[in-house]
Amino acid sequence: MGAKMDYIKFLGTGGARFVVSKQLRSSGGIWCNFKGKNLLIDPGPGALVRCLSSKPKLDPEDLDAIILTHKHLDHSSDANVLIEAMTGGRVRKEGVVYAPSDAVYSKEPAIHKYLRDSVEKLEILKEQNSYSLGDLDFITSVIHRHSVETYGLKFTLDRGKISFITDTSFFPELINHYKSEVIVINVVLYKHPGYDNVKHLDLEDCKRLITGIKPRVAILTHFGLTMLKNKPWILAEILTEETGVEVIAAYDGMTLCLEDYLFFNKIQ
Ligand SMILES: [Zn+2]
């Protein structure tokens with residue numbers, strides 16, 4: 001399949017504890033179809049149910065890979081059940097799992113030990129490393145500033161690049177690491193409260209990223225309560241005006257076809 005088929009579908013757009021535990025937005029992660037491969041990034045609570053209730057249905061048995069950017073519950077809680085689903089109930093050794101070391105080998109792993117051998121391959125994500133799933137290539141970012149080991153992702157598609165800027169505090173180097181035509185940003189906070197222990201991006205950080213990266217489109221997701229209260233779709237309109245970049249607030253079930261945004265060799 002060619003680049004025309006590349007799409008992402010949001011099985012959830014909620015982030016952080018309150019929105020997730022109340023399910024004010026779903027938290028199923030992002031299903032991607034890149035170069036004909038099916039990937040699920042960050043399957044939080046409800047991911048399996050959201051796949052199966054999706055229209056058209058997304059069958060976890062069709063997954064080629066599950067990727068955890070980090071082990072926090074809202075990114076990983078359905079990983080185990082999806083590994084079972086991906087492997088047809090541990091019958092077929094199929095599919096690849098990518099996760100940081102501490103999501104697999106720490107004392108509190110996100111992936112159960114007994115499932116590790118049931119997949120075709122378990123690959124550990126490391127800082128600024130490249131990975132290949134058949135002819136689909138992606139790289140990890142520098143380590144994020146978050147409370148557990150966390151990496152963002154940048155995929156090279158036939159006609160351009162798409163980045164997923166997952167949970168982190170802002171630091172200027174993020175801009176260089178995520179140069180790409182399409183960026184997906186986890187914006188938990190409307191306004192950062194200023195405490196060092198809150199390691200998430202806020203709307204102002206988001207604006208800095210968009211202005212610095214200058215993608216063709218930026219998609220906001222992983223909203224916490226303060227973002228939801230301020231209506232992400234309105235904030236996205238304001239950001240579009242302020243930055244000159246098309247900014248979209250994701251909603252649960254939203255599918256974005258990437259062909260409109262990718263142009264070969266625009267950004268190296
Ligand atoms: Zn997190």
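Values below: all heavy atoms of this structure, side chains included; hydrogens, waters and symmetry mates excluded. One is the number of the first residue; the rest follow in order along the sequence. Numbering of ligands and ligand atoms starts at 1, following listing order.
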| said: I'd like to verify the contacts: list protein N, O or S atoms under a distance of 2.8 Å from the Zn ion (ligand 1). | reply: His70 NE2, His72 ND1, His146 NE2, Asp167 OD2
| Distance-only donor-acceptor check, side chains Thr140 and Asn129, under 3.5 Å | no
| message | Testing the 3.5 Å rule here: is there a donor-acceptor pair between the side chains of His75 and Asp42? | response | yes
| Which is it for Lys207 and Glu242 under the salt bridge (charged side-chain N to carboxylate O under 4.0 Å, His left out) test, yes or no, and what are the steps along the way? | CA-CA 9 Å; Lys207 190 174 160 183; Glu242 288 176 346; 3.2 Å; yes
| Would you say the side chain of Gln128 lies within less than 4.5 Å of the side chain of His177, judging by non-hydrogen atoms? | yes
| On the ring face of Phe223, is Arg25 found with NZ or CZ under 6.0 Å from the centre and within 45° of the axis? | no
| said: Checking His200 against His146 for the ring pair (Phe, Tyr, Trp, His ring centres under 6.0 Å) test, could you report, in this order, the C-alpha distance in whole Å, the side-chain angles of both residues, the deciding distance, and whether it holds? | reply: CA-CA 7 Å; His200 281 294; His146 203 46; 5.1 Å; yes
